[in-house]
Amino acid sequence: MIVAANWKMNPALDQASILATALASQSFPQIKRILFVPHPYLVPMSVRLTGAALEIGGQDCHFADHGAFTGDVSAAMLRDCGASLVLLGHSERRAAHGETSDIVAQKIKAAMAQNLDVMLCVGETKAERDDKKAEQVVIDQLQASIPEHAPPTGLMIAYEPVWAIGTGAVASPDDIAAMHHVIASVLAERYGANHVPPILYGGSVNADNAASLFSIPLVGGALVGGASLDADAFAAICTAAQDAA
Ligand code: 13P
């Protein structure tokens, strides 16, 4: 079981330090906890969380090693600032920064070349689900975003229906189970049934719904946005994951 926090562009640094200190004092030995923090926080959070059982990651990286890319950061820069992994292909980046699956694939290659683990996000929009295209959209995103020779080691998938992000609307257990089955099948075809990377669910996960989400077949954890900014709520989600582990 993996519980990952995506802080997105939150919170202020003083609040982030308080949150990180609270998370470091909590212990969940049976699960993996990950924090995807804003890039400027990688160093201060790495320092604050030294020795704590939490992995720290960036929320994006460029596919190039270096160059004239104002405002971007490379995978090596993330690693050098304390990240052991990176979140790639989040729908907010696909939508607001025009990231295609081809670009995401290049980023995954760059991240893996720097020995960063990768959490790849996939998920359909409301219109795509209403059009009954959700599964095909996710299959296409997986096929195009995972580079041809990328190993399964260090790869994690987060299924995040776009319409469930930050809305309080969680996908139904049946829809989540069906989509995780589809994702697992695509990955099993590529890597073999025994090497399917963990598949997390994301989208309005909170302290109240986490336990039922973790009871759905093939749900290997959660990628949590809003609720991850509250130490108690995040702890409750981690407790639910640990109970399900
Ligand atoms: P919420 O948990 O706020 O819905 O965000 C989900 C998400 O986008 C995590 O990456």
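Both ligands and their constituent atoms are indexed starting at 1 by order of listing. Values below: all heavy atoms of this structure, side chains included; hydrogens, waters and symmetry mates excluded.
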Not counting sequence neighbours, which residues clear side chain to side chain contact (heavy atoms under 4.5 Å, CB included) with Gln143? List them please.
Ile139, Val186, Arg190
Who are the side chain to side chain contact (heavy atoms under 4.5 Å, CB included) partners of Arg79, not counting sequence neighbours?
Ala76, Gln114, Leu116
Does the distance from a Lys or Arg side-chain N to an Asp or Glu carboxylate O, for Lys133 and Glu128, drop under 4.0 Å?
no
For Thr153, what residues pass the side chain to side chain contact (heavy atoms under 4.5 Å, CB included) criterion, not counting sequence neighbours?
Pro151
side-chain hydrogen bond (donor to acceptor under 3.5 Å, both in side chains) partner of Ser145, chosen from Lys107, Arg94, Gln106:
Arg94
List ligand 1's nitrogen or oxygen atoms that come under 3.5 Å of a protein nitrogen or oxygen, with the partner atom and distance.
residue: ligand 1; atom: 2 (O); partner: Gly225; partner atom: N; Å: 2.8
residue: ligand 1; atom: 3 (O); partner: Gly226; partner atom: N; Å: 2.8
residue: ligand 1; atom: 4 (O); partner: Gly166; partner atom: N; Å: 2.6
residue: ligand 1; atom: 4 (O); partner: Ser204; partner atom: N; Å: 2.8
residue: ligand 1; atom: 5 (O); partner: Lys8; partner atom: NZ; Å: 3.3
residue: ligand 1; atom: 8 (O); partner: Lys8; partner atom: NZ; Å: 2.8
residue: ligand 1; atom: 8 (O); partner: His90; partner atom: NE2; Å: 2.8
residue: ligand 1; atom: 10 (O); partner: Asn6; partner atom: ND2; Å: 3.0
residue: ligand 1; atom: 10 (O); partner: His90; partner atom: NE2; Å: 2.9
residue: ligand 1; atom: 10 (O); partner: Glu160; partner atom: OE1; Å: 3.1
residue: ligand 1; atom: 10 (O); partner: Glu160; partner atom: OE2; Å: 2.9

Heavy atoms from other residues, nucleotides or ligands near NE2 of His149 exceed 12 (cutoff 6.0 Å)
no
